[in-house]
Structures are given as structure tokens and as C-alpha cells.
Amino acid sequence: MDTDSGPRWLTEDEQRAWRTYLDVSKLLMHQLERDLQPFGLTLNDYEILVNLSECEDRRMRMSDLAGATLQSKSRLSHQITRMESAGLVRREHCDTDKRGLYAVLTAHGWRTMLDVSPHHVESVRRHFIDLLKPEALAALQQALTPVADHLRSRRDRR
């Protein structure tokens, strides 16, 4: 096939690998989401709690949090509003930038992280980590790192 005059169609092996990746990605996210439901959290909620819990003072500028979670500022604002209603986070004004806002993990949000994280880690183990041999896990990480680096660099250029 002449690749200069048309698309470079996937080979059968490439197609199988791509579709397997898509299946695993969708099915795994669906299962992890289901496993968070008893705690009243979504994966997006949990990701926000994790990001905030790992920051100094358990707070992060909203614009940085939007970037870290790959959400638009508008979508993140709606998400934070919902999480504020649940008492998990609060907004604080930035002293150095009057237009800037922080998302701050509340004491209730911190306790929620401490309660939920063991269950979430067990879910990740049960549905992903423990299904792969250590050498397969290392190979997967090695194989996906260039893709993640490429996509991260494209995102950072915006």
C-alpha cells in the first residue's frame, strides 16, 4: 500500500492491540468507578482528592488542578461545587492573585481519602495489578511510557 497517498491502516496485529487497549481502558475505568460508588465518589472525585492530598497544605490552584485532571476550568468548577456541597473540599481566594482560587481538601475530605484509598488500591490490585506477572507489568509500563510522554508534551504545548 502506498502510504503517501492515503491513510496508514492498522495491520491485524495492530488492530487487535489497539482494540484490546480500548477494551481494557473502558472496562477497567467502569469497574473502578463502580467500586467507588458505595463511598458516594466518582473516579473524578477520587482523582481530585488524591491530587489535593498530595499537595503541600492539601490545596492546589484551580487552574493547576484542571490541568492535572485534564478537565476544563468550567467542568472542574462544577465538580468542585458538587464536592463542596458534600463537604470534601472548599474554595479559598489566592492572596497573591485576586482572581485566583484554590481548591482545598477539608478535614472531612482528608478522612474520606483515608477511608476510601485502601478500598480503591485493593480494587486496582484485584482488577489490574494482580492479573499481570511482574515482568508483564514492567513491560507494559515501559511500552506505555513513550505514549504518555508524547501525549503529555502535546498537551503542554497548548
Side-chain angles (χ1 to χ4, degrees), residues 18 20-158:
W18 173 242
T20 299
Y21 167 78
L22 289 177
D23 285 348
V24 167
S25 179
K26 289 181 210 174
L27 290 165
L28 182 59
M29 293 305 112
H30 176 76
Q31 184 62 55
L32 295 176
E33 184 91 33
R34 267 179 55 173
D35 290 349
L36 287 171
Q37 284 176 352
F39 301 97
L41 297 175
T42 66
L43 268 175
N44 285 335
D45 295 337
Y46 187 77
E47 183 181 19
I48 288 168
L49 294 177
V50 167
N51 273 278
L52 294 176
S53 74
E54 293 175 346
C55 285
E56 187 176 334
D57 299 326
R58 297 184 186 133
R59 68 186 202 156
M60 194 173 194
R61 287 186 67 108
M62 290 283 286
S63 57
D64 294 336
L65 186 56
T69 59
L70 298 179
Q71 294 188 54
S72 69
K73 291 177 186 176
S74 172
R75 178 162 165 57
L76 178 66
S77 181
H78 289 294
Q79 179 98 25
I80 293 295
T81 297
R82 193 176 56 72
M83 292 177 75
E84 275 183 307
S85 296
L88 299 168
V89 299
R90 70 176 181 276
R91 285 181 174 98
E92 285 183 0
H93 289 283
C94 179
D95 292 337
T96 59
D97 177 4
K98 296 300 177 194
R99 295 182 315 161
L101 286 173
Y102 286 102
V104 182
L105 189 63
T106 63
H108 174 62
W110 176 244
R111 282 190 308 276
T112 299
M113 267 300 298
L114 294 176
D115 291 344
V116 174
S117 58
H119 298 278
H120 179 69
V121 169
E122 179 53 36
S123 180
V124 170
R125 283 199 160 286
R126 183 174 57 250
H127 301 299
F128 183 71
I129 300 294
D130 291 347
L131 299 175
L132 299 171
K133 293 180 179 169
E135 51 277 2
L137 197 58
L140 180 64
Q141 189 270 328
Q142 184 178 11
L144 292 178
T145 295
V147 177
D149 290 347
H150 166 77
L151 294 172
R152 209 175 279 113
S153 74
R154 293 187 57 81
R155 182 191 79 193
D156 293 343
R157 281 190 255 162
R158 287 183 175 178

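The structure displayed is predicted, hence computed values, not measured ones.
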Quick one: pull up [atom1] in [X] and [atom2] in [Y] and give me the separation to the nearest 0.5 Å.
X	Y	atom1	atom2	result
Thr106	Arg111	OG1	CZ	7.5 Å
Asp115	Phe39	CG	CZ	8.0 Å
Leu131	Arg125	CG	CZ	11.0 Å

Show me the pairs that pass salt bridge (charged side-chain N to carboxylate O under 4.0 Å, His left out) and involve [range], at least two apart or across chains.
range	value
residues 60-81	Arg61-Asp97
residues 42-55	Asp45-Arg82
residues 83-95	Arg59-Glu92, Glu84-Arg91, Arg90-Glu92

Can Met113 and Leu52 be said to form a side-chain contact (heavy atoms from CB on, under 4.5 Å), step by step? CA-CA 10 Å; Met113 267 300 298; Leu52 294 176; over 6 Å; no
Answer yes or no: is there a side-chain heavy-atom contact under 4.5 Å between [X] and [Y]?
X	Y	answer
Ile48	Thr69	yes
Leu43	His120	yes
Leu49	Leu41	yes
Tyr21	Val147	no

Quick test of your reading: applying ring pair (Phe, Tyr, Trp, His ring centres under 6.0 Å), list the pairs with at least one residue in residues 64-116, sequence neighbours left out, ordered by first then second residue.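 Every pair satisfying ring pair (Phe, Tyr, Trp, His ring centres under 6.0 Å) with a residue in residues 64-116: there are none.
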Looking at every non-hydrogen atom in both residues, tell me the closest pair between [X] and [Y] and how far apart they are.
X	Y	result
Leu114	Ser117	O-OG, 3.8 Å
Met62	Ser77	CE-CA, 4.1 Å
Thr42	Gln79	OG1-NE2, 3.8 Å
Ala103	Leu65	CB-CD2, 3.8 Å

Sequence neighbours excluded, which residues qualify as side-chain contact (heavy atoms from CB on, under 4.5 Å) partners of Arg126?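 With sequence neighbours excluded, Arg126 shows a side-chain contact (heavy atoms from CB on, under 4.5 Å) to Asp35, Glu122, Ser123, given in chain and number order.
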Give me each pair satisfying side-chain hydrogen bond (donor to acceptor under 3.5 Å, both in side chains) with a member in residues 131-149, each pair once, sequence neighbours excluded.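 side-chain hydrogen bond (donor to acceptor under 3.5 Å, both in side chains) check on residues 131-149 returns Gln141-Thr145, Asp149-Arg152.
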Walk me through it: do Glu33 and Met29 pass the test side-chain contact (heavy atoms from CB on, under 4.5 Å)? CA-CA 6 Å; Glu33 184 91 33; Met29 293 305 112; over 6 Å; no
